[in-house]
Amino acid sequence: MTTQTDIPPAETGGERRSWLREHSELGVCVLLLALGVLVLTDALTMDVDIAQRGPVGPKTVPVVVGAGLLVIAALLALDVLRGGRGQAEGGEDIDLSEPADWRTVLLLAGVFLGAAVLIEPLGFPIAGALLFWGAAYALGSRRIDRDPLIAAGLSLVTYTVFNNLLGVPLPGGPLMGVL
């Protein structure tokens, strides 16, 4: 007669979940692997002008970055499977037992979506100022005498740096003639 102790235990769903929880860093490995494959695929299928000469072209950096992502994914997966674990954050001032602040998250998401919708008709200086002001408000600042001025200044500086100094054209909107 066999007893319960004589039969080897079968792997249960709880054990599998426990193993996955202990090796959750493998999810980062999968993400890095997918990103590396995507970057390499885009780089290798890039249409490059035949007149471009020399060893360093527009494909070089994406190929190096994609290959680096694949190497890092493989090394991280090997480390995790050998028992390596990331260290817990000791200096973070976060209470993980508290629920997330969904009001702030939704306000920030609304501000970002609003800026994305308004950037074309209003231009970057106005949409950017609304973005910076809305983000400050969503994160808790209630200084209505100071925040709009800082947001406008930050937006104008950002527009000027990108548009004039870096040569990245941003939509000016109705302020195009003024700026």
Side-chain angles (χ1 to χ4, degrees), residues 24-49 52 56-73 76 86-179:
S24 62
E25 292 94 345
L26 289 175
V28 175
C29 299
V30 171
L31 179 69
L32 290 172
L33 177 73
L35 192 59
V37 168
L38 177 69
V39 169
L40 277 176
T41 302
D42 279 351
L44 295 176
T45 59
M46 184 185 301
D47 187 26
V48 178
D49 185 16
Q52 187 265 329
V56 178
K59 288 184 176 184
T60 305
V61 172
V63 167
V64 169
V65 169
L69 286 168
L70 294 179
V71 169
I72 289 171
L76 181 60
Q87 293 182 356
E89 292 288 329
E92 289 291 327
D93 190 21
I94 297 174
D95 186 7
L96 296 176
S97 63
E98 292 292 319
D101 183 9
W102 289 107
R103 179 182 180 273
T104 302
V105 171
L106 292 175
L107 278 172
L108 281 172
V111 166
F112 285 124
L113 288 174
V117 169
L118 295 174
I119 195 167
E120 196 60 42
L122 296 181
F124 183 84
I126 296 173
L130 292 173
L131 170 70
F132 296 138
W133 188 16
Y137 180 84
L139 294 172
S141 180
R142 300 295 186 260
R143 296 284 309 263
I144 59 172
D145 59 333
R146 177 188 67 182
D147 291 345
L149 296 174
I150 293 173
L154 187 59
S155 181
L156 287 173
V157 167
T158 303
Y159 177 80
T160 304
V161 166
F162 274 86
N163 202 52
N164 299 343
L165 298 178
L166 297 176
V168 177
L170 296 174
L175 298 177
M176 191 59 135
V178 178
L179 299 176

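Positions are given from 1 along the sequence.
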**Item:** Pairing residues for Thr160 by the side chain to side chain donor-acceptor pair (under 3.5 Å) criterion, not counting sequence neighbours
**Value:** none
**Closest contact, heavy atoms only, Ala73 versus Leu32** = CB-CB, 3.8 Å
**Request:** Report the distance from atom NZ of Lys59 to atom OG1 of Thr45, rounding to the nearest 0.5 Å.
**Result:** 8.0 Å
**Item:** Within 6.0 angstrom of Leu165 CG, more than 12 heavy atoms from elsewhere
**Value:** yes
**Exercise: identify the closest heavy-atom pair between Ala43 and Val63** = CB-CG2, 3.8 Å
**Asked** Does the side chain of Leu70 reach to within under 4.5 Å of the side chain of Leu33, using non-hydrogen atoms?
**Response** yes
**Message:** Is the shortest side-chain heavy-atom distance between Leu108 and Leu139 below 4.5 Å?
**Reply:** yes
**Asked** Measuring from Leu69:CG to Leu76:CG, what's the distance to the nearest 0.5 Å?
**Response** 12.0 Å
**Item:** Heavy-atom check, side chain of Leu26 versus side chain of Cys29, under 4.5 Å
**Value:** yes
**Asked** Residues in side chain to side chain donor-acceptor pair (under 3.5 Å) with Thr41, at least two apart?
**Response** none
**Request:** Quick one: pull up CD1 in Ile119 and CG in Leu131 and give me the separation to the nearest 0.5 Å.
**Result:** 8.5 Å
Can you list, pair by pair, the side-chain donor-acceptor contacts under 3.5 Å of residues 147-157, counting residues two or more places apart and other chains?
residue, atom, partner, partner atom, Å
Asp147, OD1, Ser141, OG, 3.3
Asp147, OD2, Ser141, OG, 2.5
Asp147, OD2, Arg143, N, 3.4
Ser155, OG, Phe124, O, 3.4
Ser155, OG, Pro125, O, 2.7
Ser155, OG, Ala129, N, 3.3

**Message:** Is it the case that atom CZ in Arg103 sees more than 12 heavy atoms from other parts of the structure closer than 6.0 Å?
**Reply:** no
**Message:** Please find the pair of heavy atoms, one from Pro169 and one from Gly167, that lie closest to each other, and give the distance.
**Reply:** CD-O, 3.3 Å
**Item:** OH-CG distance between Tyr137 and Leu130, expressed to the nearest 0.5 angstrom
**Value:** 14.5 Å
